[in-house]
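Please read the structure below before turning to the comments.
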There are 2 protein chains.
Amino acid sequence: MNIGEIARRAGVSRSTVSYALSGKRPVSDDTRQKIQRVIDELGYRPNASARALANGRTSTIGLVFPPAGNHYTGMQLDFIGSVVEAAAAYDYDVLLSPSGVDSDRSFQRLLGERRVDGAILMEIRLEDDRVDHLAALGFPSVAIGRTAHPEGGWWVGLDHTALVEACVHHLADLGHRRVAFVNRPEGLLRAGYESAHRGLDGFTKAAAERGLAVRTYCCGDDAASGQACLERILHDEPATTGLVTLNEAALGGLYRGLAEAGRHVPRDFSVTGVVAGRWAETVTPQLTAADVPAEEMGRRAVDLLVERLDHPGASPRHHLLAPPISLRASTGPAHGTS
Amino acid sequence: MNIGEIARRAGVSRSTVSYALSGKRPVSDDTRQKIQRVIDELGYRPNASARALANGRTSTIGLVFPPAGNHYTGMQLDFIGSVVEAAAAYDYDVLLSPSGVDSDRSFQRLLGERRVDGAILMEIRLEDDRVDHLAALGFPSVAIGRTAHPEGGWWVGLDHTALVEACVHHLADLGHRRVAFVNRPEGLLRAGYESAHRGLDGFTKAAAERGLAVRTYCCGDDAASGQACLERILHDEPATTGLVTLNEAALGGLYRGLAEAGRHVPRDFSVTGVVAGRWAETVTPQLTAADVPAEEMGRRAVDLLVERLDHPGASPRHHLLAPPISLRASTGPAHGTS
DNA sequence: TGGCAGTATCGAACCGGTTCGAAAAAGGAG
DNA sequence: CTCCTTTTTCGAACCGGTTCGATACTGCCA
């Protein structure tokens with residue numbers, strides 16, 4: 001079941017079999033057919049490790065996870081799914097790297113041991129040592145997210161600043177004056193997560209522009225935290241009439257908190273934010289939100305990475321996406337205290 | 001940066017370096033230290049492909065996806081996350097295989113090209129050619145799910161029949177007489193998905209035992225389908241007062257449909273089913289449900305696979321899980337038409 | 001001081017492919 | 001029929017590790 005066996009049965013040399021398969025040198029028609037017949041008969045497939053060793057390419061890309069710990073959100077699932085699918089179209093496999101507790105170890109595994117040809121990094125931080133490290137090494141990688149200094153890098157990003165600004169303007173246009181911001185968990189904000197920081201920046205800036213009274217909160221990635229967070233919001237400022245969130249996993253909890261406080265959405269309270277479309281449609285009333293185009297981002301990241309792998313000298317490229325807000329049913333005009 | 005370079009700099013032979021690293025033969029203390037110093041200095045890591053070629057083990061396990069198409073549910077995310085984490089603890093990497101459109105191709109890639117030492121299969125069908133195929137090949141694999149003939153196989157399963165029965169009994173105990181079943185999408189049922197079939201069996205059986213009037217539905221994996229499905233349920237039998245679902249992605253839509261029909265949960269209508277705990281807590285009121293222990297299942301699947309890899313002769317093992325129903329807030333006593 | 005056990009290290013073969021240079025075979029022109 | 005070009009195939013080296021058999025070195029006892 002190795003190439004030598006195929007060669008023996010076809011009565012040719014190993015190199016001829018190799019060339020017949022790769023097409024890198026011409027092989028006469030009848031020997032090719034003879035070889036093909038033997039291959040089909042035995043169901044032969046070349047050994048991936050041997051091939052990787054010989055030509056230095058593993059045909060595998062690494063998908064590097066955050067040091068976020070044990071919690072995965074729905075958005076990440078969409079990334080993973082679309083990356084795997086897009087990679088398969090280019091004949092690449094996808095190796096998942098947890099980079100959980102000690103990210104260095106699995107990072108070393110992926111790069112140091114040459115398990116992958118390139119990497120896609122998820123959950124980027126503004127100052128991200130992984131990105132810097134890879135850039136210093138010249139290792140082909142694409143970030144899903146954008147560091148504080150994205151110039152000269154390869155990445156696919158979402159313009160969280162602009163999206164959150166749009167959310168704030170949307171609420172302000174509806175007459176809301178007291179608005180809260182529900183961010184990702186505090187640990188992630190402190191760790192410098194891009195979405196948390198840029199989203200917060202956009203919120204602060206737009207709120208200042210519109211002269212809104214605002215409060216910002218961090219919130220755990222689960223429904224219970226969302227509910228608790230909403231209670232805190234109404235406790236701190238009962239006159240709050242709207243919120244913007246980046247935290248899709250807390251969304252259900254936020255809604256529950258509103259329901260239990262007797263605030264009807266969207267009559268008494270407007271909710272909006274930046275979340276995956278699937279989640280926006282799950283809650284009732286459906287969330288007016290900037291839908292994170294996770295699938296497109298994953299696909300584009302793979303496109304960029306493959307381009308980079310195919311053309312080692314290519315100059316850096318990136319995509320900054322800013323999808324429009326999908327108007328659904330969770331926001332409405334403010335009244336009463338406005 | 002290869003073993004020869006290390007050997008040269010340390011003034012020893014390549015085999016000595018290899019033995020110093022693997023410990024498979026004794027190496028004197030000072031040469032070991034000399035070698036280690038060089039390795040640390042250069043940051044050397046042995047090439048994974050070369051190692052895999054030499055000793056026939058890739059230290060990688062494959063995670064095989066369903067032919068389900070482009071839709072991933074939250075449960076799958078939890079499986080993936082826990083599998084990756086558990087595998088990392090055993091020093092295994094995880095290779096994702098879509099097996100999307102033509103599952104054969106990526107299957108061949110994984111096994112035929114020897115990219116992985118073993119595989120974990122997700123989304124099992126009652127008659128699953130992948131399982132049969134692997135069993136015939138004697139290839140080390142563990143299924144997350146259980147075929148119609150699970151004897152002699154390695155798997156981690158969820159007792160959907162028992163769980164759905166428990167849900168039905170729960171509703172019947174509360175006095176509900178007309179109950180609906182919301183299954184996975186029709187395509188999956190027709191394809192023979194285990195959860196869809198066994199869940200349906202349990203529902204039918206328990207409903208018959210309790211003499212309930214029932215209807216069963218298939219429902220797409222998204223909120224819009226859930227809403228449509230609920231409308232159909234109430235249209236077909238307006239006196240329905242409860243439902244059992246396996247479809248977590250439709251859950252939000254089911255709730256919305258109930259709200260729009262003016263049925264209050266749990267006062268007018270009880271909802272229960274088998275879904276991941278995270279989803280059960282997202283909806284309001286929180287779902288009384290059998291929580292799918294996705295994390296535990298993923299972890300156990302890895303444990304079994306590693307055991308199988310370490311002891312090639314070991315006799316088949318499995319785990320059939322049947323977590324209890326978590327009483328939350330979505331079910332209550334029936335009244336009115338009862 | 002020779003013989004011997006035991007330890008430390010080395011060289012070579014091997015895993016299964018790819019690739020290069022050269023040899024062999026085929027075809028065409030003189 | 002020879003010579004030369006072109007096409008087709010072959011053998012050997014290489015990728016970077018692992019592993020086996022054998023050699024070199026050490027210390028100990030007779």
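Values reported hereafter were calculated over all heavy atoms of this structure, with side chains retained and with hydrogens, waters and symmetry mates removed. Just so it is clear: chains get the letters A, B, ... in the order the sequence lines come, proteins before strands, and each one is counted from 1. All values derive from a computational prediction rather than experimental measurement.
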Of all nucleotides in DNA chain C with an atom under 4.0 Å from a non-hydrogen atom of chain A, which is the first and which the last going 5' to 3'?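 Boundary nucleotides touching chain A, in 5' to 3' order, are C/dG16 to C/dA22.
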
Residues B/Asp303 and B/Arg300 bridged, charged N to O under 4.0 Å: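 Not counted as a salt bridge, because no side-chain N and carboxylate O are separated by less than 4.0 Å.
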
Any salt bridge between B/Arg8 and B/Glu5, counting N to O under 4.0 Å?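 Result for this pair is yes, salt bridge flagged.
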
Any A/Thr31 side-chain N or O less than 4.0 Å from OP1/OP2 of D/dT9: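 For A/Thr31, the contact criterion (side-chain N or O under 4.0 Å from OP1 or OP2 of D/dT9) is met.
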
Base, sugar-phosphate alone, or nothing: which one does A/Ser15 contact when heavy atoms must sit under 4.0 Å apart?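 Counting heavy atoms under 4.0 Å across all strands, the contact made by A/Ser15 includes a base.
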
Hey, does B/Ser18 reach any base, or is it just sugar-phosphate, or nothing, if we go heavy atoms under 4.0 Å?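 Base contact - B/Ser18 has a heavy atom under 4.0 Å of at least one base atom.
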
Given that B/Asp29 and B/Leu53 both sit by DNA chain C, which one's nearest nucleotide is further toward the 5' end?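 Counting from the 5' end, the first nearest nucleotide belongs to B/Asp29.
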
Of B/Ser13 and A/Arg45, the one whose closest DNA chain C nucleotide lies more 5':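 Result: B/Ser13.
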
Need to verify one output field. Residue with the more 5' nearest nucleotide on DNA chain D, B/Lys24 or A/Arg14?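 Upstream on the strand: A/Arg14.
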
Pairwise 5' ranking along DNA chain D for A/Val12 and B/Met1, keeping only the more 5' one: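 Whichever sits nearer the 5' end wins; that is A/Val12.
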
May I have the list of side-chain donor-acceptor pairs in residues 19-28 of chain B shorter than 3.5 Å, sequence neighbours left out?
residue, atom, partner, partner atom, Å
B/Ser22, OG, B/Ser18, O, 3.2
B/Ser22, OG, B/Lys24, N, 3.2
B/Ser28, OG, B/Asp30, OD1, 3.1
B/Ser28, OG, B/Thr31, OG1, 2.9

With hydrogens left out and only the distance checked, is there a donor-acceptor pair under 3.5 Å joining B/Tyr19's side chain and the base of D/dC20?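 Yes.
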
Is there a side chain to side chain contact (heavy atoms under 4.5 Å, CB included) between A/Trp154 and A/His318 once you walk through the steps? CA-CA 5 Å; A/Trp154 292 75; A/His318 62 259; over 6 Å; no

Gap separating the CG atom of A/Leu305 from the CG atom of A/Leu121, nearest 0.5 angstrom: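 The distance works out to 9.5 Å.
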
To the nearest 0.5 Å, how far apart are CG in B/Leu110 and CG in B/Leu96?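 That separation rounds to 9.5 Å.
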
Terminal helix-axis angle for the helix from C/dT1-D/dA30 to C/dG30-D/dC1, with five pairs defining each axis and rounding to 10 degrees: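 That helix gives 70° between its end axes.
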
Could you check how far CD of A/Gln33 sits from P of D/dT8, rounded to whole Å?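 One finds 13 Å between P of D/dT8 and CD of A/Gln33, rounded.
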
Please tabulate, for the side chains in residues 135-149 of chain A, all donor-acceptor contacts under 3.5 angstrom to protein atoms that are two or more places apart in sequence or on a different chain.
residue, atom, partner, partner atom, Å
A/Thr147, OG1, A/His149, N, 3.3
A/Thr147, OG1, A/His149, O, 3.4

Using atom types as modelled, flag every donor-acceptor pair under 3.5 Å from a side chain in residues 39-53 of chain A to any protein atom, sequence neighbours excluded.
residue, atom, partner, partner atom, Å
A/Asp40, OD1, A/Gln36, NE2, 3.0
A/Asn47, OD1, A/Ser49, N, 2.7
A/Asn47, OD1, A/Ala50, N, 3.0

Qualifying residues under ring-ring contact (aromatic ring centres under 6.0 Å, His included), relative to A/His319, sequence neighbours excluded: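 Not a single residue meets the ring-ring contact (aromatic ring centres under 6.0 Å, His included) criterion with A/His319.
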
